[in-house]
Structures are given as C-alpha cells and as structure tokens.
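Keep in mind the model is a prediction, meaning the values are calculated, not measured. Labels below follow one simple rule: chain letters A, B, ... track the order of the sequence lines, proteins then strands, and each chain is numbered from 1. Values reported hereafter were calculated over all heavy atoms of this structure, with side chains retained and with hydrogens, waters and symmetry mates removed.
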Amino acid sequence: MSPRKQTAGAKTPVGPVRTVEPGHIFQMYRKMLEIRECEDQLNTAFSKNLFPGYIHSYLGQEACAVGVCSALRDDDYIVTTHRGRGHYLAKGMALTPMICEMFGKANGICGGRGGEMHAADPALGILGGNGIVGGGIPYATGAAYSAVLNGSDQVAVAFFGEGASNQGSFHEAMNLAAAWNLPLLFVCENNLYAEMTPFSASSRQVDVARRAEGYGIPGEVVDGNDVLAVYAAAEAAVARARSGAGPTLLELKTYRYGGHFQGDPCHYRTREEEAEWRARDPLIRLHAHILSQNLSSESELDSWREDQKAQVAAAIEVALSSPDPDPNEALSFVYAS
Amino acid sequence: MSPRKQTAGAKTPVGPVRTVEPGHIFQMYRKMLEIRECEDQLNTAFSKNLFPGYIHSYLGQEACAVGVCSALRDDDYIVTTHRGRGHYLAKGMALTPMICEMFGKANGICGGRGGEMHAADPALGILGGNGIVGGGIPYATGAAYSAVLNGSDQVAVAFFGEGASNQGSFHEAMNLAAAWNLPLLFVCENNLYAEMTPFSASSRQVDVARRAEGYGIPGEVVDGNDVLAVYAAAEAAVARARSGAGPTLLELKTYRYGGHFQGDPCHYRTREEEAEWRARDPLIRLHAHILSQNLSSESELDSWREDQKAQVAAAIEVALSSPDPDPNEALSFVYAS
Amino acid sequence: MTMKNYCWALIDAINEEMARDPDVFLAGEDVAAAGGAFGGSRGLLAAHGPLRVRDTPISEEVIVGLGVGAAMTGKRPIVEIMFMDFFGLCMDQIVNQAAKMHYLYQGAFKMPMVIRTMTAVEMGIGPHHSQSLEAWVGHVPGLKVVMPSTPRDAKGLMKSAIRDDNPVVFIENLALHKIKEDIEDEEFLIPLGKADIKRAGRDVTVVATGLMVHKALAAAEILSQEGIEIEVIDPRTISPLDVDTIVASVRKTNRALVVTSAHKPFGLASEVAAQIMDHAFYDLDVPVARLTPPFTPQPFGKGFEAFLHPDKASIVAAVRELMA
Amino acid sequence: MTMKNYCWALIDAINEEMARDPDVFLAGEDVAAAGGAFGGSRGLLAAHGPLRVRDTPISEEVIVGLGVGAAMTGKRPIVEIMFMDFFGLCMDQIVNQAAKMHYLYQGAFKMPMVIRTMTAVEMGIGPHHSQSLEAWVGHVPGLKVVMPSTPRDAKGLMKSAIRDDNPVVFIENLALHKIKEDIEDEEFLIPLGKADIKRAGRDVTVVATGLMVHKALAAAEILSQEGIEIEVIDPRTISPLDVDTIVASVRKTNRALVVTSAHKPFGLASEVAAQIMDHAFYDLDVPVARLTPPFTPQPFGKGFEAFLHPDKASIVAAVRELMA
Ligand SMILES: Cc1ncc(C[n+]2csc(CCOP(=O)(O)OP(=O)(O)O)c2C)c(N)n1
Ligand SMILES: Cc1ncc(C[n+]2csc(CCOP(=O)(O)OP(=O)(O)O)c2C)c(N)n1
Ligand SMILES: [Mg+2]
Ligand SMILES: [Mg+2]
C-alpha cells in the first residue's frame, strides 16, 4: 500500500560529494547570520530584563539547524526542543512574530502563550518546541507516519540534544521509526552539555550516533560546525527517507557558546574549551569558505550581516512596542469545538 | 570511594572455555527438571480450572533462568517479569510457597496477593516479578547501586523479554548502568514473540545484543537453549561485574513452547517452527551431554525426573488443600508503620 | 436491531468510522494480526489493511506520540494502550503533548485522537491490570474522558470520540466485554459530555460509572421491592462532566450516592460530591455518600477483589442509610 | 534561631539526615556538581562525596527506579525529579513499583524513599514547568504526599520524609524558595499527616497549600480589618490528609473555602470539600467554596498566570461571599 520501497537492513550512508550552488550557500550563510544576530540581540535584551522567562541560546549551533533545514522542503515537518529558535528560523518562521513570541507579546506567533519554549507554524511544517526534554521525539514519528499514510514523500525531522538521547522516548521513537521504516531523521545536536552535566558523566558511549546500530539503521557523526558537512549528510539522509529507505540518526558535534540559559556562569567547563570551539565557529568557517572560493566579497558579506542585524533590531523594536496579550485570552482554545 | 576498579570502554566478552564440575551440572539439570515439571503440571492444573488468573508458561526457556542463576550467589539480586517462575525457582525460591502463591492461597509466598505475576524473597535477593513489561529493569539499577554503596561485590540481574527491550525503561537503565559502571547483568530472553507479535515486526535489528554498543558495554548473543553456554556467558559477565568492570547485556535466544499465556492458540506461528525448537530442547540437550560424557546414567536421570515430578505434584496437592486468604488481609500492609 | 456485546459494539464503531473516514487509523500492541489482545479489534486488519491497522512495539510512550504527531498533521489516529495501568509510561505524551497542543498553538493544530484503553477491574488479575485511574486524566484540561457502561453507549460514544477534534481518553471495561444489548442497525452517535439516566427514580440519586452502573441497577431492583426508588445516573464521560443532569436529579431526590471502582481520595466520587455541594447544597437532606474500594492496591485474586469493591449489597446498604 | 530561606532549609534537612544516616543518598539531574539546577543541593556533594550525591542522566523513569531498587535493598534514597511536570515520564515507577512493593510483598521490603520534586507555578515559565499535579499521587495508595509552604515546615517535613519507611513524594515550591524564617538550631521533626493552623480565626476556615497559604494569610490581614477572622489551615501533607484538624475548624467556623494552585476537577479542593461534607455537613452554613485556576493549561508569562491564579483579592472576595 505504501508507495515507498521497503528496504531492510542498515547501510552506512556515503553521500556523493556534490558541489553546492553558490546561491544556496549564500542562503545558508544569511540564515546563519539571522540566527546569530537574533541570539546575540536577544541575549542582550534579556540581560537588560526586557522580557520574561528564560533564554536558551542557540549561539554556536547555527550550522546544525541551517544545514539540516536547507535539505528540507516547506512541506517537510520538524519537531524541536527548548532550544528551538535556530530551527524555527531555519525552517522559515518569520522573524518578527517569532521574536514577539519570545517577549510574550499578543502578536507573537502563539499570541504570547507559548513563550520561549513553544512556537509552531503548520504551514511550514514546524510542529512546535517543547519544555520536556525528549518530549518531541515521540510525536515526530506520527508526522512521519502521516506522510506514509498519505503516500507523499514528505519527511520529518526530530531535533534534540545529546542529553535527550538518554530519555526513553528517544529509544522508543528510534525503534518504531526503524521497524516501520519511517521517513524520519533523528538529528542529535551534541553540544557536550545537558544543563551543567557533560555527556561523559551521563553516557559511557561517546558517540550518540553509535546508538543507531541497535535499531538497524545508519548513524553518522558529522561536524556540526561545518554547515556544508551538515547539509551534505542531511541531504543524503533526506533522500534516503524520501525514497522509502527509512530513518537515519545524525549526530552533529557542536557547542553552545552561552550557558544552558542566559545567566548560567558555566563553572562546569573551562575557558580553554570555550576558546577552542570559538575557533571552530560555523559562521567564520563558512565566511572563509566563501571568500577562499571567490564566491563573494568581504564587503558583500559584511553588508549581509548589517542587513540581518538591522532586521533583528527592527523585530525587537516591534516586540518592545507591542501590547501584552489580553489575559482573558488565556481562557480560549482549551478545547477545539 | 568505590572499591571497584573503574574500567572504561567496551570489550566483547570471550569467557575462557572451562570445564564445569559434574556436581554443578547435575544441579542445573535437576533445577531445569523442577521448572519443567512445575510448568507442565501448572498448565494441566490451569486447564482444569484449578486456579484463577493467567499462566505465562516458562516451558522451553528453562536453560536461561538456570544457566544465569547458577552463576549467582544467594546474596545477588534478581528482578524478573510476568514470566518469572523459572527465575524464582532457579534463584532458590521454595517450590511449595511459590506454587501456593500461583493458586492465590493464604500460604503463598505473598499470602496470595501477588498471584501469578508477583513473588519475592528478600533473603534470596529475589526482588519481585512485574505486571508491567519493562517495569522491573529500572529498579534493578537501584539494587546494583546498593551493592556499590555498600562496597560489596554483589551483582544484580534484570531478566526481561525481547519485547521489553523496546521499552524506554530498557534504554534508560542500560545507559545509567553503563555510565555508572554498575554491577548489573541485563538478560534478555529472546523467545521471538511478545504476546502475538514476532520481534521482526517490532524491531528492525534482529539481535537485541547489538543494542549494547550504544551504551559502550559488551553485548553477547548466546544459545539460550544450551544451559552450559548460558552459564559460561553469565559467569564471565558476573565476574566482570564483580570486578568493577560494569554491566553486560546477554541475549539468550530461546523459545516458549506454550502460547503467550496458557490457552493462546498460537495462530501467529507455524507448527514447523515449534517443532524445530522442540528439537533443540534444553533438557534433552543437557540429558544427552550428561550421557555422552558418562557423567551419569539414564536410570539415574530418570529417577531425578520422577523425583521432581513427585515434588511438584505434592506442592500442587498442598496448594489445592490450602485455605484461601482471609479477604480482610487485603487491608494490611498498605503503608509501613 | 442486532444483539451485540460490548466488545463487538466497539469494533463496529471503529470499523464504521474507518470506512467513513480514510484519515482514521488504529495502532497499538497486538491490535492488527492478533485482532487485539482481548479481541477488541477483530477483523479490522482484513477490512482496512496493514497501514491503517498496525501492531506497534511495546512502547507506550511512542504509541501515544505516534497519535499526537499524526493528529497534528491531519490524521485521526486511534492509539491503544492495552491497560490503563500502563498510563504511567505515557502520561507525558498524553498530558504535556496531546492535551496542550491545541491550546498552546492557539488552535493551529487540531488534535483529533482517541487514546483507547481498558480497565480490567474485578477480573482478578492483580495490581498492574486493574486500576481505575480516570481521575488522572480527568484532572487535565484539554482532554476528554469517556467510560461507557453498555454496548450501545460504547458504540455511540466511540464514534463521537473518533469524530471529536480533541484528544479523548476512551476507557473500556474488560469485565463488561461480554454483556449484550440490542443495538439499532442505523448509524447513531452519542454525544460526549452527556450523562444518561439508566433508571429513573425519586428517592436517591446514584451516580455510578462502568461496572458500578450494573451493580447499581441490580441494587435498584432490590431496593424497589422495599419501596425505595433510586435514580441511576451514568455520567458516561467524566470530563466534561454533565453536572446539570446530576444536579437536576439531586434537586428531585435530595439524596445522593456516588459509586466507583476508583479510589475515593481525589477520585470521581469526591468530584461529584463537591459538584453537588456547589449546585444543590440546599436541596440535600443528608451529605452525599461516596462508596468506593478502600485505599489499597488491588491484590491478585477475585476473593480479595470481591471483598474490596462495592457490590449490590453494599450499594443497597448505603442507600438504606441515606434513607434512614 | 537562624534565619533561613526555604531552599536552604531543605538543604539543611538533607544535609543533617545524610550526616545522621549513611544509608541516605541523593541522585538526580544536576544535583551534584552544579548543586541543583535551582540551587537546592548546594554543598552536599562536598559534604558527602560523589557516591552519595550523584548526577544522573536525563532519564526520569530510571531515576525513580534507582530509588525503588535501592530502597528495597536497604538504602534510603532521595531521588529528584526536577519538576513535577515531568511526572508523566516516571509515574509507572512511582505508582506501579514504589507504591505497591510493600503491599504486594507483605512488608518484605520497606520502601524508605523520597521523591523530591518541585512545582514552579506562577513563575511565568509556561505549560511544562508550572503544573500542580499532586492529585495524581494523592489518588494512589502506598504513597505519602508532602507540600510545605514555609522554610521551617520544609525542613521538618523533609527530615520526617527521609526517615519515613514509605515512598514520600515531596513537592517543593520554587516561588517560595527565597522566603525566610527563623528556624531553631536544635534538631526537630514535623510529622507527616499533621495539618498546621497558620492563623487562627473564628469566621471562615480557609484550607490552602503551598503558595496559596501565603496569599490566604495576606487576605486574612485585609479581612481582619473588616472584622472577618479567617482560620488558615495548611494541610502540609495531602496524603494522608489531616481531616480531623480541618473538620474541627469547620465545626467552629461553619464556613469553608479551599484555595489551590491545582485545577478544580479531581483536585485537592474537591477532595477537601467532599471530606468536609462527610464529617461536618450539619455544621455548614453554606456550601464549601473552591477557589482554583480555571481549567486551562498554563500559558507562558506572568500576565496570564496572575490572571488565572487565585490571589489575595479573589480570596478576599470568596470569603466575603461566604459571609454574605
Ligand atoms: C523531562 C525533562 N527533564 C529535565 C528537564 C530540565 N532540562 C531542561 S534542558 C535540560 C538539558 C537538555 O540537554 P540536551 O538534551 O543536551 O539539550 P541542550 O540544552 O544541550 O540543547 C534539562 C535537564 C526538562 N526540561 N525536561
Ligand atoms: C507496559 C506493558 N505493556 C503491555 C503489556 C501487555 N503484555 C504483557 S506480556 C507482553 C509481551 C511481553 O513480551 P516479552 O517482553 O518478549 O516477554 P515474553 O512474554 O515473551 O516473555 C505484553 C505486551 C504489559 N503487561 N505491560
Ligand atoms: Mg546538550
Ligand atoms: Mg518475548
């Protein structure tokens, strides 16, 4: 009944080395700039107490969201976490309503009720963030199964951290997706820490990707700070999923520059480690790549950054001057009628 | 602080091929006979409606419980499942109170309140059965951690089925045990079916043992119908755990002769498959081994079987003539005082 | 009219809805090839094929998650959790995901899913297979909770649950699987949120769910011979709870008893008592009585269960006391 | 006497009990090296070492399981589930394992474990970090459930919880972490199952838990100026619930209000109302009133939360209505 070919067994993916169009590279770079600026400016705004709640910064991980989402179509699905802004933007969520949501404003994409950990856009296949670590992974299977039932070639992506890979939900979802051969990408962004706990303290296995073997599907470790590497791995995995060959686990090794949340003093890691990772900055690397390949000029790249900076600043201005939601709104939408 | 040596990384266990003392082999054979007779006669009694509830027969899997428990001491811990009678007996639970419990009698080991799925004996480290598939695995970690805290060299064993290996609890417990290097054996009895569902329908990975890799610990597939092979694998894993080298996952390939519960018509499998597995019967194999090695005589082995048959029959007689519990007893033991 | 048992009435409901709407599908442990561990989905695989009737691994959390994601993306899943006792494994997906999606995203996602589950109370099968935990989900906004007591109710409510755009926890009762009733052959629905008066009476309002409805009806026969006419109300859905029907009855009878298989503290009995107090305090001649099993786990064995659970005799006694 | 805040009072309690009894240990996410995600275990790692204060993976089900198995084998674990909102991931271990072990095996295993958890209600951090789900565990036999509202209660109750031979769900309140109180330097315990009269009064009994205790006390000041004296009762443990203290108060005041952060249906408010009806129906001048947030998920943001939750003003209004 399914239009997909059912292929059994696991093969380690070896994507063909393909040249990516400059236009596509520029898009990725601009998207990474947008995320970088968004996170930078939100951090500053948060430190000035301009909005409530928490802020789980995505700074440093930009290549992960952008590399993966660049391999997706608008009608593909993503499910994300408490650290979801990178994914929202990479999948195409409009900047201003997203930022207004972070500020808890009436014109936020969820009317301010979702806040920092929850945003969604059905038209773009963005199926929400989560306050529950690992809470999104199970329902990504359902989105993938909708695609199977519809006979479409859509795919679904579940983003999560290495800390979440210790949740039972990860295991159950990996196993179901593998057994049912679902068009689902599991994307683990291993930023080395879960709150204040290093992965080495919570897992004996260093590579989350090695867990794929237990489900008979491919697992791959990717440099999560190299957007082109992420894109290539995601593209191959997406192609496999679209063709009916089932799920893949990608582990993107990366680092969060900030603390777990803005304000965390990061006592649990060294300044040297932070500096090492800063040296592998995903934007600097793509910047260098673009220039070394003569795809564009320094001044053009600078102008893009200024452009994104201004757009984010403008969005924050909008958020600051936007009204708070009418509290009475809290009573609506409990049930669909 | 821990007296155990902490060793990192995973090695596939290769136990030295060791000769097992005849006396030990005889013990294993007699224990397997006890379980076989117990299961046979309980099935018959259940079919005659002599006791209530369900009966999840252990027939065919005897070598698993006996091989593993023969590698344990009285002060080691086990945690088991809905199909736990083999483990109870192999770990030394007295036959009559156990059978009385199955009959729901006042003199059952839990006063009749545990019934078919729940029995325990703290003095023998038997920490209970379970009605929740996968429900025992998490708390086996706690028993193992008690041993670590006490600086003892006790080990804990979690028994479970291949169906349970798809539960989140399996994953979380495996990961914690590996990360904490707990003296814990995970023993998966892969009898090919979970209720009416073959493992192939619920897992793309054929071997549960391959899941160990994801936690950085050894995983081994063992012929679960060869008690000496099970014993050798368990002994090596127990030694590793006692020495502080951490957990092991053993997958024992086996088969349940009966249905999921007594009365299940087994439409979901073929009579050929059943016959194939009957040909690999664990008792017949050990019987043949004993004779081929001239360790004992056919007539002696027969006499042991008669002996066990009689003991089980006597225990069932006791159960049949034992009083039902006083229902008022249901009100006691809700809280410790 | 055709005589149907409770189990087949449910199968019919699902079968009809699957035929009516291609977006409906069923997934759970042993629901497909085996036709349900307790026969609750016989014939559905053959009728609707392996994609729409599908066996899952033993993974309760992802079974519910599958439903959540499918509902968000346009399907109408029925996901089965074999026993309600296993809710401890999947409450996160039910409560934090399914129940809150429509609210959080301001209706951007409809959540038309049914979580089909079962209680096996009074079947003698012990502590992990006989709990009545409906209060857990009744406490959570965004969920609807259904507990039918008759074959016809089971069918009509299941059809409504499948058509509802909210997550509905549908709790069937294994002890009722074999009871029979004549059911019309034409299509019908029973609305969620509407109680049913199973027997009219003037003296005491008896609110009962599931198995207890039948015990209350049996008690009614005995009491009737003594000249006491109880009105037996089955809320059928405990969330939303049809307070109006209950209160209207109490206004007439001035006395009420609530009988449940669930425990008393934080259970339906307390909830109904509190609602009656809210809306009919001045109509009450005596305090609302709550009849439930004592606060213990369920031991194995029917002897213990019969002792612990309300029955005809204890209902009769409780009603007599209210009339004294 | 030393001035202590609620958070440090809890740390002191655990620290003292760990010093007193080598079988006590603490495990949970970020409890060791980080001293607690919200500072709730600062200093304990240094004082008691890495085996007795230990960080776990993000694996709520096995965190509770670790406690279950350790308790069965002679330890006295404190296992931490960072927020009560995560109970959906570990209810099976709490309810089917921890709560039933002592019962099922006829006391063969004691279950001395504390499940330390937190509600962050009214901290503005959204639907997955601010639920008040105590009713779920209050509904389950075999568990005790503690919800302290003051630093001294928190300390004395935590010490009792650690010494108790049953599984105790200990729910702290993040919004109260910084409130301070003078606490005696000598050792003391506060028994589980004993309510505390936080303010004596003659006119209306106000039963409140957690944060609501403080709001009720603030309301009392205002009402007192109007000549209305409310008696504020904090049950402190909701299972077992100290019905006697509540009922004795209602016998005197003839009026009662229950105020909770938890939802109304199947919640503490309904339970207390039903209990008062049971034991003091004829003493009531008016029905027991229940003041709770409306039946919605918790949206993000303090504006919504302030709107939804009972506060001083709504308590004052509810009491005035009871007196009208
Ligand atoms: C079920 C659950 N447990 C614990 C938490 C608290 N918590 C929030 S984020 C976090 C760390 C998550 O780590 P990881 O998955 O690696 O994601 P990262 O924050 O590094 O992006 C924890 C423990 C939570 N929100 N949900
Ligand atoms: C959490 C949970 N889900 C489902 C069930 C119903 N159930 C009982 S036994 C069983 C199959 C277990 O299979 P496996 O783990 O392979 O053990 P086996 O019965 O083969 O020994 C199922 C699904 C249950 N008891 N608990
Ligand atoms: Mg991380
Ligand atoms: Mg099996």
Exercise. What residue in C/His102, C/Lys110, C/Lys75, C/Lys144 has the most heavy-atom pairs under 4.5 Å with chain A?
Worked result: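 Greatest number of close heavy-atom pairs with chain A: C/His102.
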For this session: Select, from C/Ile63, C/Asp164, C/Asn166, the one with the greatest count of heavy-atom pairs under 4.5 Å involving chain A.
Result: C/Asn166
So which heavy atom on [X] is nearest to which on [Y], and how close?
| X | Y | answer |
| --- | --- | --- |
| C/Gly69 | A/Ser146 | O-OG, 4.5 Å |
| A/Gly168 | C/Glu61 | C-OE1, 4.2 Å |
| A/Leu149 | C/Arg52 | CD2-CG, 4.3 Å |
| A/Gly135 | C/Asp92 | CA-OD2, 4.2 Å |
| C/Pro141 | A/Val334 | CB-CG1, 4.0 Å |

Problem set entry | Portion of A/Ile132 that has a non-hydrogen atom of chain C nearer than 4.5 angstrom | side chain
Exercise. Where does A/Ala120 contact chain C at under 4.5 Å (heavy atoms): side chain, backbone, both or neither?
Worked result: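 Contact with chain C is through both the backbone and side chain of A/Ala120.
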Would you call [X] and [Y] a side-chain contact if the rule is heavy atoms closer than 4.5 Å?
| X | Y | result |
| --- | --- | --- |
| C/Gln106 | A/Ile109 | no |
| C/Met72 | A/Tyr77 | no |
| A/Asn130 | C/Asn96 | no |

Measure distances from [X] to the heavy atoms of chain A and classify the residue's part below 4.5 Å as side chain, backbone, both or neither.
| X | answer |
| --- | --- |
| C/Met111 | neither |
| C/Leu89 | neither |
| C/Gln97 | side chain |
| C/Asp165 | both |
| C/Ala27 | side chain |
| C/Gln93 | side chain |

Exercise. For A/Asn166, what residues pass the side chain to side chain donor-acceptor pair (under 3.5 Å) criterion, not counting sequence neighbours?
Worked result: A/Ser202, A/Arg211, B/Asn175
Problem set entry | Flag, side chain of A/Tyr139 to backbone of C/Leu66, donor-acceptor distance under 3.5 Å | no
Problem set entry | Check: A/Tyr335 side chain, C/Tyr103 main-chain N or O, donor-acceptor pair, under 3.5 Å |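 Side chain of A/Tyr335 to backbone of C/Tyr103: no pair is present.
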For this session: Dump the intermediate steps for side-chain contact (heavy atoms from CB on, under 4.5 Å) on C/Arg54 and A/Tyr145, then the final yes or no.
Result: CA-CA 11 Å; C/Arg54 192 141 187 187; A/Tyr145 198 52; 3.3 Å; yes
Exercise. Picking from A/Ser337, A/Gly136, A/Ala330, which has the most non-hydrogen pairs under 4.5 angstrom with chain C?
Worked result: A/Ala330
Problem set entry | Residue, of A/Gly115, A/Gly114, A/Ala119, that accumulates the most heavy atom pairs under 4.5 Å with chain C | A/Ala119
